[in-house]
Amino acid sequence: MQKNILFLCIYAFIGISCSSKAQISQKEVKLADKNATPETKILYQNLIKLANNGIMFGHQDDLAYGVNWKYEEGRSDVKDVAGDYPAVYGWDIGGLEKKSPKNIDGVSFDKMRQFIKETHNRGGINTISWHINNPLNDKDSWDTTPKSIASALPGGVSHEKYKLWLDEAVTFLLSLKDEKGKAIPILYRPYHELTGNWFWWCKNNGTPEEFTSLWKFTLNYFQEKGVHNLIYVYNTADFKSKEEFLEYYPGSDYADVLSFDKYQYDDPQTSNAFVEDCQKQFGIMDQVAKEQNKIMAFAETGYEQIPYSKWWTDTLMKAMGDYKISYVLVWRNHGWNEWMNPPKMHYYAPYQGHLSSKDFVDFYNLDKILFEKDVAKEKPYKK
């Protein structure tokens, strides 16, 4: 594998990048949190280097469970197939606002904290989203009662409740410490898929001014409470123009990473729509990223059950193309899901024996695709 040779060059913090095609400058890069911890700043600089030279692979809830197993120490469906862990691990803290001991997908917050620490200790990177309940009526994230965003803003009917919910997140985020007691840097992706119409915070449920006010209030509230280990990820669903992508954008000073979510629903062997749409969206986002000197991510994607055996090296790689992308994350491996209508298998990464396993190993071996071993050996949180 040629990855090892490449990364000796990539990760020297002293000197220049070995890539002559680097488009992201490390000069005068400023995080949204001006008081970000040293480790958070170092990680962000490292993400810039990585985005110039490869794409990290990520998986939601990777260590917590997989197809037909849960809470088996050290286990991962990804590792079972490829022999290596993902570089990026996705988690969701939906449920904290209710003081629940488990998140919306049944993962214990105590276990999640443990998994985040284990990931960090190995050199992996953690990202967190939040399927937060609707503060207007305490219903779930998918409740789109009108004026929900406005209710959470200062002066809104649910503002004080919303602050109490944020306090629960603050407590959890401040508990994420490494073995030396330092805060673990987190890629935080609030209000994800905001250009959709299925969450209470989506664009159909408030004006751009209301959404950006909510974003800025939340960011400032976390910082005032002492949370300085977050790299903020702006995340949309579909968009067709630069104007649409930026309509609800809080501004360059309030976001560190640009991203979108998009899933495969049709058959890639008969339709090229997923690839074409991704390429169009990456083209638009790349223009903004270059203008603002930001990094990009494919924050959520996947093809449920992966019925096409070459999806990894064919469809997904074509969807990302030659764009400089920090990471791509596929959704979780729930396994049999009796709550779906109709009940069915629900997973997005291969497991041992799956028809796309061989292609996933080929995907793993691509020089451009980075897993945990590629990242961890260079100690991404240290100079």
Side-chain angles (χ1 to χ4, degrees), residues 58-80 85-135 138-142 161-162 164-192 199 222 225 227 229-230 233 299-300 302 329-340 343 345-349 351 372:
H59 186 212
Q60 186 76 9
D61 286 349
D62 183 80
L63 300 174
Y65 53 80
V67 176
N68 299 323
W69 64 270
K70 185 174 184 178
Y71 295 160
E72 294 185 21
E73 185 175 355
R75 190 168 182 189
S76 152
D77 280 348
V78 168
K79 187 174 184 292
D80 283 351
Y85 290 109
V88 178
Y89 299 74
W91 310 102
D92 194 276
I93 56 174
L96 280 179
E97 68 276 15
K98 299 185 297 182
K99 297 181 182 293
S100 171
K102 297 179 180 179
N103 80 347
I104 58 171
D105 297 318
V107 180
S108 155
F109 284 111
D110 287 339
K111 283 284 189 181
M112 188 186 301
R113 187 182 296 107
Q114 172 192 330
F115 294 141
I116 289 173
K117 291 179 180 179
E118 289 176 1
T119 296
H120 177 79
N121 289 341
R122 288 198 308 265
I125 294 165
N126 292 285
T127 179
I128 286 177
S129 56
W130 191 0
H131 283 86
I132 186 172
N133 279 0
N134 188 334
D138 295 328
K139 294 183 180 180
D140 65 25
S141 300
W142 291 267
K161 179 201 299 181
Y162 180 67
L164 292 176
W165 289 2
L166 293 183
D167 287 338
E168 295 299 322
V170 166
T171 299
F172 180 78
L173 293 168
L174 290 178
S175 74
L176 302 177
K177 306 285 188 180
D178 65 16
E179 294 174 343
K180 296 182 179 179
K182 294 182 178 180
I184 296 173
I186 300 292
L187 289 162
Y188 180 55
R189 184 169 60 105
Y191 313 117
H192 62 290
F199 295 129
F222 279 158
K225 293 289 186 173
V227 178
N229 59 321
L230 302 184
V233 182
E300 276 185 43
L329 183 142
V330 298
W331 204 236
R332 64 200 189 103
N333 277 20
H334 181 277
W336 180 254
N337 193 332
E338 66 278 8
W339 300 107
M340 288 189 162
M345 291 294 285
H346 181 63
Y347 60 87
Y348 292 87
Y351 53 88
E372 190 177 81

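Predicted model, so just to flag it, every value in this text is computed and none were measured.
Residues G95 and I104 approach most closely at N-CG2, 4.3 Å, considering heavy atoms. Between A349 and V78 the shortest heavy-atom distance is CB-CG2, 4.1 Å. Residues V67 and D77 come closest through the heavy atom pair N-OD2, 2.9 Å. Closest approach of R75 and D80 over heavy atoms only: NE-OD2, 2.9 Å.
For the atom pair NE2 of H120 and NZ of K177, the computed distance is 11.5 Å after rounding to the nearest 0.5 Å. For the atom pair OH (Y188) and CG (N126), the distance works out to 14.5 Å, reported to the nearest 0.5 Å. Atom OH of Y89 and atom CZ of R122 lie 4.0 Å apart (nearest 0.5 Å).
Other residues, nucleotides and ligands place no more than 12 heavy atoms under 6.0 Å from the NZ atom of K102. Within 6.0 Å of CG in D138 there are more than 12 heavy atoms belonging to other residues, nucleotides or ligands.
Among F222, F109, W91, the single residue meeting the ring-ring contact (aromatic ring centres under 6.0 Å, His included) criterion with F172 is F109.
No side-chain heavy atom of Y351 sits less than 4.5 Å from a side-chain heavy atom of N68. Residues H59 and N333 meet the side-chain proximity criterion, which asks for heavy atoms closer than 4.5 Å. Contact of the L329 side chain with the Q60 side chain is registered, since non-hydrogen atoms from C-beta on lie closer than 4.5 Å.
The aromatic rings of F199 and H192 are tilted relative to each other, their planes meeting at an angle between 30° and 60°.
The residues D62 and K79 are annotated as not salt-bridged, no charged nitrogen and carboxylate oxygen being separated by less than 4.0 angstrom.
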